[in-house]
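Just so it is clear, the model here is predicted, and its values are computed rather than measured. Just so you know, ligand 1 is whichever comes first in the structure, and atom 1 is the first atom listed for that ligand.
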Amino acid sequence: MFEKLKEKLGGFKKILGGAIEETEKEAIIVEPAKKEIVTNGEKAASLKQPPRQPEKIGVLGRIKAAVLEQEFIIDENSLKDHLWELEMALLESDVAVPVAEKIVESVRSELVGTRRKIGSDKGEIVGIALRRAISKVISVDSFDFDVFIKNSKKPVTIVFVGVNGTGKTTTIAKMAERFKEQGYSVVIAAGDTFRAGAIEQIEKHAEALGIKIIKHQEGADPAAIIYDAVQYANARHKDIVLADTAGRMHTNINLMDQLKKVCRVNKPDLIIFVDEAVAGNDAVERARLFNSAVPFNGSILTKADADSKGGAAISIAYTTGKPILFLGVGQSYKDLVKFDPDWLLDRLFE
Ligand SMILES: Nc1nc2c(ncn2[C@@H]2O[C@H](COP(=O)(O)OP(=O)(O)O)[C@@H](O)[C@H]2O)c(=O)[nH]1
Ligand SMILES: [Mg+2]
């Protein structure tokens, strides 16, 4: 993932390093002072000793020390080309244009005008700035999902939304398994009454997991099904209601209105947007329109086991201002992992 980004970062390091290459040659010959290991006994003994005279430093030593202390200022011009390259690398990694621009701007404003000690590792400086900029984007408004569930009044109703085939139904089954393992009781609402075979699909999952499912017939009103599931959960003291919905294009106004009704009637505690980690720029528009129709609390990105460039996570988090909560990493019930911004960053820079 992000091979291109790593290449560019390598080039970036080389160019910045080259600008001060001459001075660095001298700086490198200065050995860092060795740390002394002092035992408690030695420490006590040394307290009794008169203070040591400072060591005499020769002329050569003083020059070397002065070189090490010198600083340089990173200026806009010297970064220009390299920031442009960085932007291209982010775009190649499927980060959407406005998001890539924002990240590059963060790196620029973090670096330009700052003083750096000559001899410090420029690649590291750029890497840290880039990592921090991306981290800012993907750590938006994050909240601890498990703590939220634990502290919420039960039943907690969670509605899953997204376009067709992104993995909503599979994710619901994975979430059901995860909640069961944590000791919660779960009810599933078969809210996709639109696609032929959708009710049977989720019913099979419920059966395999030993979970109660509330369903109506095909074509029924999903708002009513989810309402029934919540009523059932209330009456039987169940902890969690996981509500499926039909996939819909974000541009289909009627279906988006139906989704608004589902949420208006049932007032879910959480709305989760499901999309694919492999999605490109189009994911941004989907996320934006779903979020404006039914403001969601976070996203789950599925198919992260496929060759994902990671751009979708960055773009969706930035566009919606909502955290990525989980990643789907395969087709079995256990293939759901909590999203960890550091995990993405580590993969990005590994
Ligand atoms: N490799 C992989 N496939 C997944 C993942 N999540 C879902 N799928 C597959 O994606 C397809 C569509 O999933 P489904 O849950 O029916 O999508 P829905 O239309 O959004 O409900 C199915 O073949 C799933 O097995 C995942 O994390 N990894
Ligand atoms: Mg489905």
Might you work through the ring-ring contact (aromatic ring centres under 6.0 Å, His included) test for Phe326 and Phe339, ending with a clear yes or no?
CA-CA 5 Å; Phe326 293 92; Phe339 177 74; 9.8 Å; no
Please tell me whether [X] and [Y] have a donor and an acceptor in their side chains that are separated by less than 3.5 angstrom.
X: His216; Y: Asp221; value: no
X: Thr166; Y: Asp275; value: no
X: Ser106; Y: Arg108; value: no
X: Lys322; Y: Asn297; value: no

As a check for students: among Leu336, Asp335, Thr302, Val274, identify the option with a heavy atom nearest to atom 6 (N) of ligand 1.
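The option holding the nearest heavy atom is Thr302.
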[atom]: the protein heavy-atom neighbour that sits closest, reported with distance to 0.1 Å:
atom: atom 25 (O) of ligand 1; value: Gln331 OE1, 2.4 Å
atom: atom 17 (O) of ligand 1; value: Gly167 N, 3.0 Å
atom: atom 1 (N) of ligand 1; value: Asp305 OD2, 2.8 Å
atom: atom 15 (O) of ligand 1; value: Thr170 OG1, 2.5 Å
atom: atom 12 (C) of ligand 1; value: Gly165 O, 3.6 Å
atom: atom 8 (N) of ligand 1; value: Lys303 CE, 3.8 Å
atom: atom 16 (O) of ligand 1; value: Gln201 NE2, 3.0 Å

Atoms in ligand 1 flagged as close to [X], the criterion being non-hydrogen separation under 4.0 Å:
X: Thr169; result: 15 (O), 21 (O)
X: Lys168; result: 15 (O), 17 (O), 18 (P), 19 (O), 20 (O), 21 (O)
X: Gly328; result: 27 (O)

Mark yes or no for whether Thr157, through its side chain, and Val241, through its backbone, hold a donor-acceptor pair below 3.5 Å.
no
Does Asp335 use its side chain to pair, donor to acceptor, with the backbone of Ser332 at less than 3.5 Å?
yes
Can you check whether [X] has an N/O within less than 3.5 Å of an N/O in ligand 1?
X: Lys174; result: yes
X: Gly330; result: yes
X: Thr171; result: no

Partners of Ala173 by side chain to side chain contact (heavy atoms under 4.5 Å, CB included), sequence neighbours excluded?
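Result, side chain to side chain contact (heavy atoms under 4.5 Å, CB included) vs Ala173: His205, Leu209, Tyr333.
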Linking I/L/V/M/F/W/Y whenever any side-chain heavy atoms sit under 4.5 Å apart, do [X] and [Y] land together?
X: Val186; Y: Ile149; value: yes
X: Leu242; Y: Val294; value: no
X: Phe273; Y: Val329; value: yes

Decide if atom OH of Tyr232 counts as having more than 12 heavy atoms of other residues, nucleotides or ligands within a radius under 6.0 Å.
yes
Given Thr169, Thr171, Thr193, the one that forms side-chain hydrogen bond (donor to acceptor under 3.5 Å, both in side chains) with Asp244:
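Answer to the side-chain hydrogen bond (donor to acceptor under 3.5 Å, both in side chains) test with Asp244 among Thr169, Thr171, Thr193: Thr169.
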Which residues and atoms, counting only protein N, O or S, are under 2.8 Å from the Mg ion (ligand 2)?
Thr169 OG1
Given that the side chain starts at C-beta and the backbone is N, CA, C, O, which of these parts of Val329 lies under 4.0 Å from ligand 1, counting heavy atoms, or is it both or neither?
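Val329 to ligand 1: backbone contact only, side chain stays beyond 4.0 Å.
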